[in-house]
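Structure first, commentary second.
Quick caveat: nothing in here was measured; it's all calculated off a predicted structure.
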Amino acid sequence: DTMRPHDMRALVVACLLVSAFWAWGEEATGDAVMKSFSIDVTLKADGSAGITEVWDVNLVTSRFSELYNSYGNRYFGRILDVSVQDGDTMLDFDDNWDTDATAQKKAGHCGLVTTDDRVYQICWDPGQPGHHRYVLHYTATAVVQPYGDSQVLMSMPLLIASSLLPTRIATATITRADSALTGDDIISLEVKGTARGGFSDGRIRVQSTGNMSDGDYMAVQVLFPATAFGELSTVGAGTSVTADELSSPMMLDNRADAYQESFWSKVTGLYDQYPILFLLGVLAAMIGLFYLVKKIVIALL
C-alpha cells in the first residue's frame, strides 16, 4: 500500500509535535535552561585570544541575583577587557563587583571577580524571567603557551556545564586573527569531554555530543609549531601545562577524535542543530527514494 496524502500530513504533524513537546519539557524542568551556547576563540600572534561567548538562555525564575562563568587560570593567564550584552542592552561594567549585593544594585551591571586561588568569574545581572541572549566579550592572555623548544600548546576548557544551567547544545570555533589556520599549523589536535570536532576550512570546530549537565565539559588540546606564533608572550601566563599534567582527567580522554572532521560528524552535527529540519529532510529523501525504486521496478516489469 502507498502512503496517502492525509497519512503523510499526519506523520509530519506528529514529528513536529514530538519535537515541540521535547523542547518544552527540557525548558520546564528547572529554573533556567541554556538552549544553546557558543564560544568563538580568535588566537593572536602573541598567544592571547579574543573570546566571544553567546548564551541563549530561557530564564524561568527571578530568584537569581546574578549569572556568572568561572575560568581557572591553569590553562591561560589573565582575563581583561570584559563586556556583557543582554540582547540590545550593553551592561555597565562595575570595577568592584560585589557578589553579595542585592539584585537591585546589580541590575544593569556586570563585573569581574578574581578569587584567592586565581579563578576569574565574569558576573552579570540576568534580568527578568524570559528569553535572553547574553553576549560576553573578553580577552584572555597566554592562551597559547610554550611547550618544549619548538612547540607551543593550547589546552583550554571551552565549557564546563553546571546542574543549575543544563545546556542543550554547545559549539565552539577556534581561528587565527591574522590568517586562516592550515594543516601545517597543527601538529596534533584532541577534542575532549562530551564533545566531538576537528579541523576544516581554516578553523577548528567543536560541538557537544548531547545535552550537558553537571560536570560535563568540552575542551581542546592543540599542539602548534612555535613558528605559528612568532610574537608569543608569556607575560601574565598561568601555570604552563607540563607533560605529566597531560594525564589529568581534563587533559586525557579515551575517546580519541579524528584530526579532520569526519563526514558523519558533520551529519550528526546538522541533526543536533536542526533536528526538525533534519528529520523532515530524511523523510522527504526516503519518500523520493521509494518512488524512484517504484518507477525502476515498473520499468523493468
Side-chain angles (χ1 to χ4, degrees), residues 34 36-43 47 49 51-55 69-77 79 119-120 140 142-148 151-163 165-176 181 183 185-201 203-225 228-229 237-269 272-273:
M34 183 105 76
S36 67
F37 169 89
S38 67
I39 178 171
D40 294 322
V41 181
T42 303
L43 300 174
I51 300 176
T52 300
E53 298 179 14
V54 179
W55 299 40
N69 202 9
S70 290
Y71 310 84
N73 80 331
R74 176 185 176 189
Y75 303 101
F76 57 89
I79 285 183
V119 172
Y120 292 94
V143 170
V144 179
Q145 299 188 25
Y147 185 76
Q151 299 174 344
V152 294
L153 178 71
M154 172 188 180
S155 179
M156 184 177 179
L158 300 166
L159 174 65
I160 301 176
S162 165
S163 59
L165 195 59
T167 304
R168 185 183 301 171
I169 187 170
T171 59
T173 60
I174 300 168
T175 57
R176 284 183 59 118
L181 283 170
D185 291 327
I186 301 175
I187 298 174
S188 65
L189 165 63
E190 292 185 61
V191 178
K192 302 177 180 300
T194 313
R196 62 170 178 270
F199 170 77
S200 63
D201 301 326
R203 64 189 60 209
I204 297 168
R205 293 183 174 90
V206 181
Q207 181 171 304
S208 59
T209 53
N211 293 350
M212 299 178 70
S213 56
D214 194 38
D216 290 336
Y217 71 93
M218 65 179 193
V220 291
Q221 179 183 306
V222 191
L223 200 60
F224 301 98
F229 293 87
T239 303
S240 296
V241 180
T242 66
D244 291 339
E245 289 176 318
L246 296 180
S247 62
S248 69
M250 180 65 77
M251 301 289 290
L252 182 63
D253 196 305
N254 292 328
R255 290 167 290 182
D257 197 6
Y259 175 65
Q260 296 288 336
E261 189 174 15
S262 67
F263 173 77
W264 179 248
S265 176
K266 293 179 180 179
V267 170
T268 54
D272 287 337
Q273 293 186 60

Closest contact, heavy atoms only, Ile51 versus Met156: CD1-CE, 3.5 Å

If you round to the nearest 0.5 Å, how far is OH of Tyr120 from CD1 of Ile79? 7.0 Å

Note, Gln145 side chain near Leu153 side chain (heavy atom, < 4.5 Å): no

Taking all non-hydrogen atoms of both residues, which atom of Val152 and which atom of Pro146 are closest, and how far apart? CG1-CA, 4.1 Å

Determine, stepwise, if the pair Gln207 / Ile169 fulfils side-chain contact (heavy atoms from CB on, under 4.5 Å). CA-CA 8 Å; Gln207 181 171 304; Ile169 187 170; 3.9 Å; yes

Atom CG of Asp216 and atom OG1 of Thr209: how far apart are they, to the nearest 0.5 Å? 8.0 Å

Check the side chains of Ser200 and Arg205 for a donor-acceptor pair under 3.5 angstrom, ignoring hydrogens and angles. yes

Please list, chain by chain and in numerical order, all residues satisfying side-chain hydrogen bond (donor to acceptor under 3.5 Å, both in side chains) with Tyr71, sequence neighbours excluded. Glu53, Asn69

Closest approach of Arg168 and Ser208, non-hydrogen atoms and distance? O-OG, 4.5 Å

Is the shortest side-chain heavy-atom distance between Thr171 and Phe37 below 4.5 Å? no

Residue pair Leu158 / Val206, side-chain heavy-atom distance below 4.5 Å: yes

Test of understanding: with side-chain contact (heavy atoms from CB on, under 4.5 Å), list the residues that count as partners of Asp40, not counting sequence neighbours. Thr173

Is there a side-chain contact between Trp55 and Leu165, using heavy atoms and a 4.5 Å cut-off? yes

Validation row: Ile174, Met154 side chains within 4.5 angstrom (heavy atoms): yes

cation_pi(Arg176, Phe229) dist<6.0 Å, angle<=45: yes

Is Leu159 close to Met212 at the side-chain level, that is, under 4.5 Å between some pair of heavy atoms? yes

Salt bridge (charged side-chain N to carboxylate O under 4.0 Å, His left out) partners of Arg203, counting only residues at least two apart: none

Looking at side-chain heavy atoms only, is the closest gap between Phe224 and Ile187 below 4.5 Å? no

Might you point out which heavy atoms bring Pro157 and Ala219 nearest each other, and give the distance in Å? CA-CB, 3.7 Å

Asp185, Ile204, Leu181, Val144 screened by side-chain contact (heavy atoms from CB on, under 4.5 Å) with Leu43, the one that passes: Val144

Could you report the tightest heavy-atom contact between Gln221 and Lys192, atom names first, then the distance? OE1-CE, 3.6 Å

Heavy atoms only: give me the nearest Ala140-Phe76 pair and the separation to one decimal. CB-CD1, 4.2 Å

